[in-house]
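Only one structure is covered here, and it is reproduced in the block below.
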Amino acid sequence: MKTRAAVAREAGKPLSLETIDLDGPREGEVLVEIKATGICHTDEFTLSGGDPEGLFPSVLGHEGAGVVVEVGRNVTSLKKGDHVIPLYTPECRQCEYCLSRKTNLCVAIRATQGRGVMPDGTSRFSSGKDTVFHYMGTSTFSNFTVLPEIALAKIREDAPFDKVCYIGCGVTTGLGAVMNTAKVEAGARCVVFGLGGIGLNVIQGLRMVGAEMIVGVDINPRRKEMAEKFGMTHFVNPEEVEGDLVPYLVDLTKGGADYTFECIGNTKIMRQALECAHRGWGKSVIIGVAGSGQEISTRPFQLVTGRTWMGTAFGGARGRTDVPRIVDWYMDGKINIDSLITHVLPFKDINEGFDLMRRGESIRSVVVF
Ligand code: NAD
Ligand code: 022
Ligand code: ZN
């Protein structure tokens, strides 16, 4: 069949809006009509050429929502008409990693996903004679896409696609970092570095679990108002702090934070986030993705004295299990997604969504087909 898609043809160039070919679902695969997709930083990172593993041409996008059109052989958990959210972290429930219960990093299709192909080693996308690669196993910048069954969460049918697509990455990552990775308890004092599409979801997760103090740190003063609406209790603009930021934050949190979150992708800030965690028990979670080849550093003393440095992928969420629950939270009014979606664009304007993100004007842009 044919599908409209935004194709990443060349690093550093805008996406090319084309009609390309899509093969039907093979065994264990599902054809999905994408109704809406968010634009996230890792799409831009790959498009820019910054990711050494980025493949071209490819169909980017990993934050979508849509409807099952057709299922391949031996697909048992989904049927035509089901509403779904694609998962860049699948959940097979059978691999060593899933069975361990210690991680969400399912390895069932990991190798082929990283090579831009389906588990059988081939791509469903093509353009004339050329192969077009998949991306993160999801490729949501196409009106129709094929995914493995284990990379789809089935969600309720009354949930609006143009809102819940954000649960496919940013919402789940922020909430999950708080609940699954850090396991923050009520009364905790916390610092969140970076108040964008991830940090604001960390803040609403902290409010949900009853954190007492939620300090937000951002160099963009325009982020203060939105963060307060989501539960931030104190705002710190590093550019307005005299002297070092770390002692300032240790003082503000009365000895250091119980939990800190880095939601920027800046290795210098990752160090500050660790070092303002409380001596003896503070935990610091890295969420931001740094450029390839970058390194973090601190003095071993920081860890010897009881701080824990940790990281999270997709908020530690097991997608097929956790994503439908988060959709329920949204439908029950327990979480706010609407305020974070600052721009909704028709598919033809997808490149404008990238520009809004590059200029720091949007929290999230959502593209609707
Ligand atoms: P964003 O651009 O919306 O937000 C980043 C915020 O950080 C902005 O508000 C910006 O003003 C602020 N900032 C930049 N430099 C700063 C500095 N030096 N000090 C303080 N604040 C600063 O980005 P986002 O969508 O929230 O994503 C944040 C990071 O999370 C990205 O690196 C993204 O790739 C990563 N991410 C990771 C996962 C995961 O599973 N680990 C999932 C999704 C996103
Ligand atoms: C999503 N991310 C950033 C912004 N939006 C993001 C990027 C990478 C990861 C998670 C979220 C990530 C963390 C750890 C891994 N990845 C490796 C997982 C593993 O090796 O098992 C990651 C993931 C997918 C891909 C690359 C890296 C991919 O499909 N290309 C989950
Ligand atoms: Zn993302």
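Note that ligands are numbered from 1 as they come in the structure, with each ligand's atoms numbered from 1 the same way. What's counted below: heavy atoms across the whole structure, side chains too, no hydrogens, waters or symmetry copies. Bear in mind the structure is a predicted one, so any value in this text is a computation, not a measurement.
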Relative to the heavy atoms of Phe314, which atoms of ligand 1 are at a distance of less than 4.0 Å?
39 (C), 40 (O)
Which segment of Leu200 sits under 4.0 Å of ligand 1 when only heavy atoms are counted
neither
Which residue holds the protein heavy atom closest to atom 4 (C) of ligand 2, what is that atom called, and what is the gap in Å?
Thr42 CG2, 3.3 Å
Could you tell me which atoms of ligand 1, counted from 1 in the order shown, lie closer than 4.0 angstrom to a heavy atom of Gly288?
29 (C), 30 (O), 32 (O), 35 (C)
Can you figure out which of Arg115, His62, Arg110, Gln113 has its heavy atom closest to atom 19 (C) of ligand 2?
Arg110
Numbered atoms of ligand 2 (with element) below 4.0 Å of Ala313, judged on heavy atoms:
13 (C), 14 (C)
Heavy-atom contacts with Thr312 under 4.0 Å: which atoms of ligand 1 show up? List them by number with element.
39 (C), 40 (O), 41 (N)
The atoms of ligand 2 lying under 4.0 Å from a heavy atom of Cys40, numbered in the order shown, are 4 (C), 5 (N)
So if I count the atoms of ligand 1 from 1 in the order they appear, which ones are less than 4.0 Å from some heavy atom of Arg223?
8 (C), 9 (O)
Backbone or side-chain N/O/S of His41 under 2.8 Å of the Zn ion (ligand 3):
no
Where on Ala290 is there a heavy atom closer than 4.0 Å to ligand 1, on the side chain, on the backbone, on both, or on neither?
neither
Can you sort out which atoms of ligand 2 are near Thr89, meaning under 4.0 Å from one of its heavy atoms?
31 (C)
Near Cys169, which atoms of ligand 1 are under 4.0 Å from a heavy atom of that residue?
42 (C), 43 (C)
Contact region, Met357 to ligand 1, non-hydrogen atoms below 4.0 Å, reads neither
For ligand 1, indicate whether the residue Asp218 contacts it via side chain, backbone, both or neither (heavy-atom separation under 4.0 Å).
both
Just to be sure I'm reading this right: ignoring hydrogens, which of Thr42, Asn104, Ile198 gets closest to atom 43 (C) of ligand 1? Compare them by their nearest heavy atoms.
Ile198
Give the numbers and elements of all ligand 1 atoms closer than 4.0 Å to a heavy atom of Gly196.
1 (P), 3 (O), 4 (O), 6 (C), 9 (O), 26 (O)
Students should be able to answer this: which protein heavy-atom is nearest to atom 23 (C) of ligand 2, and at what distance?
Met136 CE, 4.4 Å
To atom 3 (O) of ligand 1, the nearest of Gly194, Gly176, Gly197 on a heavy-atom basis is Gly197
Given Tyr259, which of Lys283, Arg189, Glu185 fulfils the side-chain hydrogen bond (donor to acceptor under 3.5 Å, both in side chains) condition?
Glu185
Which atoms of ligand 1 have any heavy atom of Asn220 under 4.0 Å away?
11 (O)
Using a strict 4.0 Å cut-off to heavy atoms of Arg364, name the atoms of ligand 1 that fall inside it.
25 (O)
Knowing that exactly one of Asp43, Thr140, Thr138 qualifies, which makes a side-chain hydrogen bond (donor to acceptor under 3.5 Å, both in side chains) with His62?
Asp43
Given Val241, which of Leu252, Val236, Leu249 fulfils the side-chain contact (heavy atoms from CB on, under 4.5 Å) condition?
Val236
Mark up the atoms of ligand 2 that fall under 4.0 Å of a heavy atom belonging to Cys169, in ascending order.
1 (C), 5 (N)
Under 4.0 Å from ligand 1, counting heavy atoms only, is it the side chain of Arg358, its backbone, both or neither?
neither
